[in-house]
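FYI, side chains are in, hydrogens and waters are out, and symmetry mates aren't considered; it's all heavy atoms of this structure.
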Amino acid sequence: MGSLEQNRSHGKIDNLPPALRSEVENRLLNGDTYEEVSKYLAEQGQEVHMSSVGRYGKKFLKRFESVRVAKEFAKLLAEDSADRPATELHEANNLLASQLIMEAMVDDEMPAEERAKIASSIATLQRAQVSNEKLKLQARKEKGAVHVALELFKDKVYAEIGRNYPEIAETLLVLAEETESEMDRA
């Protein structure tokens, strides 16, 4: 089997000097047509046919869009993370990773051996999701146990303190209920 480097296609634009390739990418992002980019390259002394620009542009714009979506998603997660349980953040990250993996899997130019490696990443994500679900179940159990403990606490406070010190018992019961409400929101 050949190495991954031997299997990759290297078009004319891939072999341009970095500054010129960067300008091509900027022009593609700014909406220049493949023909306009091809003419620009000719003015720079590089003969690159419009179809070569099109092949490069299609791959570049697809990668750019995937990265843009990933960054936007990460930004939303970061802004929202204070209010969300960690399990939800992991789930959202897994969904994003799954999307990126699926996009890579449908790349017609990707060698079969690289697709196989990427496919194994799906299994890893599935295991992570199962672990995430177990954590959510454990958190629900613990939340239920805390609820039961607070109810027992309220009963004991009322039974032990409420007879002789009703004001103190009432304050403790209010604090227990506030604590329970805060836990329900968490």
Side-chain angles (χ1 to χ4, degrees), residues 1-139 186:
M1 286 262 144
S3 73
L4 189 59
E5 282 299 313
Q6 291 171 336
N7 291 332
R8 280 205 188 127
S9 64
H10 292 285
K12 289 185 176 183
I13 294 177
D14 289 312
N15 295 321
L16 291 174
L20 193 53
R21 186 174 58 242
S22 180
E23 180 60 27
V24 166
E25 292 169 353
N26 286 334
R27 287 173 178 266
L28 290 169
L29 291 173
N30 288 329
D32 285 13
T33 65
Y34 299 150
E35 184 177 5
E36 290 170 335
V37 173
S38 181
K39 286 180 182 177
Y40 166 76
L41 289 170
E43 291 168 4
Q44 303 304 310
Q46 301 289 331
E47 292 300 322
V48 180
H49 193 270
M50 183 176 67
S51 61
S52 293
V53 175
R55 281 189 299 276
Y56 182 86
K58 182 180 172 186
K59 286 189 283 186
F60 170 75
L61 292 172
K62 183 178 175 183
R63 275 192 322 265
F64 179 82
E65 183 61 17
S66 291
V67 169
R68 187 195 64 75
V69 168
K71 282 183 177 178
E72 188 64 30
F73 193 69
K75 180 181 171 189
L76 290 173
L77 284 176
E79 290 171 354
D80 202 24
S81 66
D83 299 334
R84 299 183 118 199
T87 55
E88 287 186 31
L89 294 174
H90 291 293
E91 192 170 334
N93 284 330
N94 283 349
L95 289 171
L96 177 61
S98 294
Q99 175 189 348
L100 294 173
I101 288 170
M102 294 311 291
E103 286 177 12
M105 292 289 291
V106 298
D107 184 354
D108 294 335
E109 296 180 15
M110 184 179 294
E113 58 204 28
E114 195 169 337
R115 284 183 202 217
K117 288 178 186 175
I118 289 175
S120 71
S121 299
I122 294 171
T124 302
L125 282 174
Q126 288 172 338
R127 284 191 300 276
Q129 190 59 35
V130 167
S131 295
N132 196 41
E133 290 301 319
K134 286 179 183 177
L135 282 173
K136 285 200 280 190
L137 286 173
Q138 183 65 29

(message) Please give me the minimum heavy-atom distance between Lys12 and Glu47, naming the atom from each residue.
(response) NZ-O, 3.5 Å
(message) If the test is side-chain contact (heavy atoms from CB on, under 4.5 Å), which one of Thr33, Val53, Leu41, Asp32 qualifies with Arg27?
(response) Asp32
(request) For Glu36, enumerate each residue passing the salt bridge (charged side-chain N to carboxylate O under 4.0 Å, His left out) test, keeping only those at least two apart in sequence or located in another chain. (result) none
(request) State which residues pass side-chain hydrogen bond (donor to acceptor under 3.5 Å, both in side chains) with Ser38; sequence neighbours excluded, sorted by chain then number. (result) none
(request) Locate the shortest heavy-atom distance separating Ser52 from Arg55; write the atom from each residue and the value. (result) OG-NH2, 3.1 Å
(request) Enter the distance from Leu20:CG to Tyr40:OH here, rounded to the nearest 0.5 Å. (result) 5.0 Å
(request) Output, in order, the C-alpha distance, side-chain angles, deciding distance and verdict of salt bridge (charged side-chain N to carboxylate O under 4.0 Å, His left out) for Glu35 and Lys39. (result) CA-CA 6 Å; Glu35 184 177 5; Lys39 286 180 182 177; 3.7 Å; yes
(message) A side-chain contact here means heavy atoms from C-beta on lying under 4.5 Å apart; do Val48 and Tyr34 qualify?
(response) no
(request) Check whether any side-chain heavy atom of Phe64 sits under 4.5 Å from a side-chain heavy atom of Leu28, and report yes or no. (result) no
(message) On a heavy-atom basis, which atom in Ile13 and which in Arg21 lie closest, and how many Å separate them?
(response) O-CD, 3.4 Å
